Amino acid sequence: MELQQLLSRLWRAGLLGVGACLALIPFVDRPDLPSGVALGWASGIAASRLLYMRLARMDDQDPDQAVRNIQFSSFARLSLSVLALLIAYKTPGVFDLMATGFGLLLTPAISLMFGMVEAQRSTSSWEKTK
């Protein structure tokens, strides 16, 4: 599967998860938990999207500019994560700090899971053609 298709599947699943977290807010006793997960997950999706946009522009750049873009992208991802955690820290009744941290970890974890499933699928289809 192409990287763009895999990432679009990741982003759609992430947005569905953020929507599910936001839909749970009126029905739980502690609404700061799903809102914290939604904040962290949305921040992770935005950081993933920024990383992909930087990687897509690297094809026609010289190596020095590409290295600077990778460094800036890493800094942007870190900044988005720190911003989400800072928002959760400053508004303890609205967002739970631990839930926000958990939400930040969901995008890379789901990305890893999708990659493993796709690798298993491509390996099993390759073995069938032997």
Side-chain angles (χ1 to χ4, degrees):
M1 179 180 285
E2 187 178 319
L3 178 65
Q4 175 63 31
Q5 291 174 339
L6 193 64
L7 287 175
S8 66
R9 184 186 299 173
L10 171 71
W11 296 328
R12 282 192 310 252
L15 291 176
L16 180 67
V18 169
C21 288
L22 293 176
L24 282 176
I25 290 175
F27 303 109
V28 295
D29 292 334
R30 290 190 54 201
D32 57 337
L33 292 175
S35 63
V37 172
L39 174 68
W41 207 345
S43 177
I45 292 169
S48 172
R49 181 73 177 149
L50 286 174
L51 176 65
Y52 176 73
M53 289 175 12
R54 289 251 177 227
L55 289 175
R57 281 188 267 166
M58 280 181 23
D59 291 338
D60 55 337
Q61 293 177 345
D62 62 333
D64 292 333
Q65 182 67 26
V67 168
R68 282 193 294 272
N69 276 342
I70 290 172
Q71 290 171 344
F72 181 75
S73 178
S74 299
F75 180 72
R77 287 180 65 102
L78 179 69
S79 298
L80 278 172
S81 300
V82 169
L83 179 65
L85 290 173
L86 185 63
I87 289 171
Y89 179 74
K90 291 292 185 179
T91 56
V94 179
F95 301 107
D96 185 58
L97 184 63
M98 294 298 286
T100 303
F102 176 73
L104 283 169
L105 295 175
L106 280 175
T107 301
I110 292 174
S111 173
L112 179 68
M113 186 178 64
F114 280 171
M116 288 172 38
V117 167
E118 186 58 35
Q120 182 67 28
R121 184 179 301 154
S122 66
T123 303
S124 66
S125 67
W126 181 75
E127 289 175 351
K128 288 179 184 176
T129 60
K130 280 182 157 181

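Keep in mind the model is a prediction, meaning the values are calculated, not measured.
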*Asks:* With ILVMFWY side chains joined below 4.5 Å, transitively, what does Leu112's cluster contain besides itself?
*Replies:*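 Listed partners: Met116.
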*Asks:* Rounded to the nearest 0.5 Å, what separates atom CG in Leu10 from atom CD in Gln5?
*Replies:*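 Rounded to the nearest 0.5 Å, the CG-CD separation comes to 13.5 Å.
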*Asks:* What residues, two or more places apart in sequence or in another chain, satisfy side chain to side chain contact (heavy atoms under 4.5 Å, CB included) together with Leu78?
*Replies:*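 So Leu78 forms a side chain to side chain contact (heavy atoms under 4.5 Å, CB included) with Val82.
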*Asks:* Is there a path of hydrophobic side-chain contacts, each under 4.5 Å between heavy atoms of I/L/V/M/F/W/Y residues, joining Ile110 to Leu105?
*Replies:*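 Per the 4.5 Å side-chain linkage, Leu105 and Ile110 are not co-clustered.
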*Asks:* Applying ring pair (Phe, Tyr, Trp, His ring centres under 6.0 Å) as the test, list every pair that has at least one member in residues 16-51; sequence neighbours left out.
*Replies:*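 For residues 16-51: none.
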*Asks:* Can you pull out every salt bridge (Lys or Arg N to Asp or Glu O under 4.0 Å) where at least one residue sits in residues 32-48? Sequence neighbours excluded, please.
*Replies:*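 Sorted pair list: Arg30-Asp32.
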*Asks:* Give me the other members of the hydrophobic cluster that Leu33 sits in, counting Ile, Leu, Val, Met, Phe, Trp and Tyr linked by side-chain heavy atoms under 4.5 Å, directly or via other members.
*Replies:*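 Traced through the cluster, Leu33 reaches no other member.
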*Asks:* Through direct or indirect side-chain contacts below 4.5 angstrom among Ile, Leu, Val, Met, Phe, Trp and Tyr, which residues connect to Leu39?
*Replies:*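 Traced through the cluster, Leu39 reaches Leu83, Ile87, Val94, Phe95.
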*Asks:* Which atom pairs, one a donor and one an acceptor, fall under 3.5 Å between side chains of residues 43-50 and the rest of the protein, sequence neighbours left out?
*Replies:*
unit_1, atom_1, unit_2, atom_2, d
Ser43, OG, Leu80, O, 3.2
Ser48, OG, Trp11, NE1, 3.1

*Asks:* Minimum heavy-atom separation for Leu51 and Ser73, please, with both atom names.
*Replies:*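 In terms of heavy atoms, the two residues are closest at CD1-OG, 3.1 Å.
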*Asks:* If you count the non-hydrogen atoms of other residues, nucleotides and ligands that lie under 6.0 Å from CZ in Phe114, is the total more than 12?
*Replies:*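 Yes.
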*Asks:* Not counting sequence neighbours, which residues clear side chain to side chain donor-acceptor pair (under 3.5 Å) with Arg77? List them please.
*Replies:*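 Here no residue qualifies.
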*Asks:* Would you kindly confirm whether Leu85 and Met98 end up in one hydrophobic cluster when ILVMFWY residues are joined by side chain heavy atoms under 4.5 Å apart?
*Replies:*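 Leu85 does not cluster with Met98.
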*Asks:* Please go through Val117's hydrophobic cluster and name the other residues, only I, L, V, M, F, W, Y counting, with side-chain heavy atoms under 4.5 Å joining them.
*Replies:*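 Via sub-4.5 Å side-chain contacts, Val117 links to none.
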*Asks:* Please identify each residue that fulfils side chain to side chain donor-acceptor pair (under 3.5 Å) with Gln4, with sequence neighbours left out.
*Replies:*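 Once residues adjacent in sequence are excluded, the partners of Gln4 under the side chain to side chain donor-acceptor pair (under 3.5 Å) criterion are Tyr52.
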*Asks:* Examine Phe72 and Val67 and state if one hydrophobic cluster contains both, with Ile, Leu, Val, Met, Phe, Trp and Tyr joined whenever side-chain heavy atoms are less than 4.5 Å apart.
*Replies:*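 They do not share one cluster, since no chain of ILVMFWY contacts under 4.5 Å joins Phe72 to Val67.
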*Asks:* Between Leu104 and Gly40, what is the shortest heavy-atom contact and its length?
*Replies:*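 Shortest heavy-atom contact: CD2-O, 3.5 Å.
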*Asks:* With side chain to side chain donor-acceptor pair (under 3.5 Å) as the rule and sequence neighbours excluded, what pairs involving residues 89-109 come up?
*Replies:*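 Every candidate side chain to side chain donor-acceptor pair (under 3.5 Å) pair involving residues 89-109 fails, so no pair, neighbours aside, qualifies.
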*Asks:* Between Cys21 and Pro34, what is the shortest heavy-atom contact and its length?
*Replies:*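 The answer is O-CB, 3.3 Å.
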*Asks:* Quick one: list whatever passes salt bridge (Lys or Arg N to Asp or Glu O under 4.0 Å) with Arg68, sequence neighbours left out.
*Replies:*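 Arg68 satisfies salt bridge (Lys or Arg N to Asp or Glu O under 4.0 Å) with no residue once adjacent residues are dropped.
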*Asks:* Could you give the distance from CG (Asp64) to CG (Asn69), rounded to the nearest 0.5 Å?
*Replies:*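 Reported value, rounded in 0.5 Å steps: 11.5 Å.
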